[in-house]
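The structure appears right after this line, and notes come after that.
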Amino acid sequence: MESEQDPDIQLLPRGTFMCRLCEVNVPNRASLEDHKKGKKHQKLCSIRETRKVQEEHSLFVSGFQHGTSELEITDHFQRFGPVSSIIMDKNQGVYAFVEYGSIESLQSALAEPEHIMNGKRLKVKPREKKEFKYTPKKKQAPSNSLLPSLELLSPVLCQANDVDEQMEKLVQLFGFSESEERLRELVISLIQEVFSEFFPECKIIPFGSTVNGFNIHCCDLDLFLDLEHTKIFQAKSKGSNEQTGVIEDTQSEDSILSDIDLETASEAEVLELVAMVLRKCVPGVHKVQAVTTARRPVVKFIHKDSGLHGDISVNNRLAVRNTSFLKLCSALDKRLRPLVYAVRYWAKQKHLAGQSSGRGPTLNNYALTLLVIFFLQNREIPVIPSVNHLKELAGEGDQCIIEGWDCSFPSDASTLPPSKNCESLCTLLSEFFNFYGQFDFVSSVICLRDRKALPVTAFLSNKEGKSPRLGPVNILDPFELCHNVAANLNERSEQRFRKQCLEAAKYCRSLQYQRKSAKGKVWGLVRLFNEDSVSAEGSPGVPGEVSQERMVIDIPFKLASLSEETRKKLCNSDDFRQLWFGWVSAAVLSVLEDMLKCTCCITPAALQYSTTAEHCAKLEAGEDPHTQLPELSTRVADHNEPSDEVLDGKNPPEVNSNESDTTASMAGESLNSSKRHRCSDGGASSCKKLRFEPENMAGNASWYCTLWHKVWAGRRKMRRDILRGLKASRTDENDDDNDGGGIDLEARVSEAIAQQERASGNTSEPVLNFTLHLEVVGGTESTRTLAVITPVQDASGLFQDFFHFLQLFLPKMTEKLLEKKIK
Ligand code: ATP
Ligand code: MG
């Protein structure tokens, strides 16, 4: 057994293993072998070996005089043989380890009956052998965890007299002290000095939180290495060399610039060079790493003495400019800083911003700050003007175009008129939560340029690749107008953010927020900042999630599988989601009705969008049903709202005998078991079809559905049998729908299963009643239709089986129908 051979490895139940040395579990023997060959395991083995040798060659020495130096100890013990190292307990000066190069030397030192040094008798014995234990290095704390804990903040904040004062305190507590600012300046000038040697006339420009007015202790040090003048310098000296034949400094072999032509070098090449300079020439810098594959490539480093973590980029002029914009905003209104600090801390506590805590992607501090500014731009009396307005106020010297984007705004806030808005910080914070709690992130693009939320469809068409990458949260950069700074967020992050805003808004309406507790209880910001519990995180509509028997199936929006024509239709529509949702709803219904032979009746929610009988009739009369979406059609079963009994599953929906042909035929089928095996030809010839009018769809629709047979049981085999039969009887024509997965084939499979059931006398009752609620959620890239399926009556306990079948079948068939028919 492995554990017997290798004491590091322990065999665990179910064939898994644990490596005691590295403290990791591995799932099987193959992974164990890989692990043992891996870098970490090998390194730890070698460290352990070295330690073992060190221990065997070392003496433990104590009893010397306080203040004895390493040299004195070496002098004394070298008499017995060469000493390879001395490790002293420097703090207390009470013991030392003396390591010899050989065991013989060690033994002869041990054989000495007495060791006297500076008149003191030494205690000398072999060094104790300790079991080697791997202690993993502590992970670098994410920048947000540099913020003080709430326990520390709480007493300070609770002493304040009101929320405004609490917020001002946050700024004092979080922001740089003078010495911190000075330290950063020193590190920057050190780097500037060294880099000037290698890149003449370069400039190191700090940006980000170091200088944007929203600094927190130990935040990272973002630096931009401006090589514009160096490039000119290099070009000039190249030119003059060619003219004079004299080789100047930058062209000499020693010059770093002789290795690279800055004008033509790639960003990655320049960064590699920057990394080399940092690594080799800047004192006190370590852990230098060029990250060249990021969206904004950087060289990362740590400055040891200050503990600062830094990033150097060479192609980030826009970030330098947007930093100045944030700085201007914080100078324009002094309420911005405390608001940003409060929102940042709240977001950190709720795991909505900063380093991801395993609950999905989060907003970064830049995006969060833009959200606060946008909110302030949208107060009834704006606190901060739109970026366009600021551009108009920019003087001649403030004009600035970067990468084609207009980044002009005034450099001096004092030249601008102050806002007339005089709302308190307490009110503004609470309104921030109200604002975003009700904000329609999904269909809007937050645009600070216009201080407006623009509809997402305005950004759908890809104009020369200048459209932002849209998602469930869209915050357009104020300058780089094709950049969504929140593009990393997913639907779940958006839901969590809004949910937390709503909860915060609710809390802010309470007296506990607004007033200091007279009884010494925590109040105001402290309660707002209370950390979120994981259990409160459950988000509705997670695919496949079982929650109170509601089952959700996810039908994602797959742009790639749609034809060019369909995409065009989407772009030209006012609301692409609704249009797509209309198509999906029609397809879903077709899957249920045509393929699975369910009967589906519209329930109240669906009535919001459903066409009235007259409207349908009009549509029917005016349209050629075969011109557009001929198969993506549905039958309107019953325009009456089902009664409570219906929804309870006690009675199926009633039929209105006066309804139009269409409704009556469908409703009749849903009720009358003798009629329900309709359309056995697989088509809908007997039922008049109504075309969906996707423009009229609201974002959701509901149906009451009855499933008459166990259409999932033995389905695959039945499909195989039918296909085999079809192949055998097929003549020359190639019927697309019979090729597997078409409506006809699936309808035949269901029909065959139904016949089987009837043959075994199993026909009287519906198998299941359930409601189907369709809802569209998400942004362009994460738009999806969620199909919520809830059993209404499941006496036979078959719902789970049906749901599991539908989980795969419904999205697959819906996608097929969409691909095939909307082309
Ligand atoms: P902190 O370092 O405290 O998290 P920060 O403002 O420095 O805050 P960073 O993530 O370090 O945030 O980013 C540094 C700067 O880079 C920002 O201030 C901003 O100017 C720019 N930046 C960051 N993220 C983006 C983004 N998604 N789009 C555009 N610019 C960004
Ligand atoms: Mg930063």
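Please read all numbers here as calculations on a predicted model, not as lab measurements. Ligands are counted one by one from 1 in listed order, and the atoms in each one are counted from 1 as well. Worth knowing before you read on, the calculation uses all heavy atoms, side chains too, and leaves out hydrogens, waters and symmetry mates.
Partners of Glu263 according to the side-chain hydrogen bond (donor to acceptor under 3.5 Å, both in side chains) rule, which considers only residues two or more places apart in sequence or in another chain, do not exist here. With sequence neighbours left out, Thr323 forms a side-chain hydrogen bond (donor to acceptor under 3.5 Å, both in side chains) with no residue at all.
Annotation for ligand 1: atoms under 4.0 Å from non-hydrogen atoms of Gly208 are 7 (O), 14 (C), 15 (C), 18 (O). Under a 4.0 Å criterion applied to the non-hydrogen atoms of Asp220, ligand 1 contributes the atoms 2 (O), 7 (O), 11 (O). Atoms of ligand 1 lying under 4.0 Å from any heavy atom of Asp222, numbered from 1 in the order shown and given with element: 7 (O), 11 (O), 14 (C). Near Cys219, the atoms of ligand 1 lying under 4.0 angstrom from a non-hydrogen atom of the residue are 3 (O).
Under the ring-ring contact (aromatic ring centres under 6.0 Å, His included) rule, Trp346 has a single partner from Phe529, Phe433, Tyr513, Tyr507, which is Phe433.
Proximity of the aromatic rings of Phe409 and Phe479 is defined here by a centroid distance below 6.0 angstrom, and this criterion is met. Aromatic pair Phe199/Phe233: centroids not less than 6.0 angstrom apart.
Between Arg498 and Glu494 there is a salt bridge, with a side-chain nitrogen of the basic residue lying less than 4.0 Å from a carboxylate oxygen of the acidic one. A salt bridge is defined here as a Lys NZ or Arg NE, NH1 or NH2 lying under 4.0 Å from an Asp or Glu carboxylate O, and Arg449 with Glu392 fails to meet this definition. Under the 4.0 Å criterion applied to side-chain N and carboxylate O atoms, Arg784 and Glu491 are assigned as salt-bridge partners.
With distances taken over non-hydrogen atoms, the option nearest atom 24 (N) of ligand 1 out of Asn212, Leu318, Asn364 is Asn364.
Ligand 1 lies nowhere less than 4.0 angstrom from a heavy atom belonging to Lys327. Remark: distances from the non-hydrogen atoms of Asp477 to ligand 1 include one below 4.0 Å.
Between Tyr436 and Phe497, the ring-plane angle classifies as perpendicular under the 30° and 60° cut-offs.
Protein atoms of type N/O/S that fall under 2.8 Å from the Mg ion (ligand 2) number 2 in this view.
Contact annotation: for Arg344 versus ligand 1, heavy atoms closer than 4.0 Å belong to the side chain alone. Under 4.0 Å from ligand 1, not a single heavy atom of Arg296 appears. The part of Phe207 lying near ligand 1 is the side chain, judged by heavy-atom distances below 4.0 Å. Residue contacts with ligand 1 for Ser209 involve both N, CA, C or O and side-chain atoms from C-beta outward (heavy atoms, distance under 4.0 Å).
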side-chain contact (heavy atoms from CB on, under 4.5 Å) between Leu428 and Arg379, worked out:
CA-CA 9 Å; Leu428 285 173; Arg379 296 308 295 152; 3.8 Å; yes

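Residue-to-ligand polar distances keep Tyr366 apart from ligand 1: every N/O pair is separated by 3.5 Å or more.
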Indicate every side-chain donor-acceptor pair of residues 482-489 with a distance under 3.5 Å to a residue at least two apart or in another chain.
residue : atom : partner : partner atom : Å
His483  : ND1  : Arg295  : NH2          : 3.3
His483  : NE2  : Arg295  : NH2          : 3.4
Asn484  : OD1  : Ile475  : N            : 2.8
Asn484  : OD1  : Ala486  : N            : 3.0
Asn484  : ND2  : Arg469  : O            : 3.0
Asn484  : ND2  : Val473  : O            : 3.1
Asn484  : ND2  : Asn474  : OD1          : 3.1
Asn488  : ND2  : Thr362  : O            : 2.9

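Distance alone, capped at 3.5 Å, places no donor-acceptor pair between the Glu165 side chain and the Ala160 backbone.
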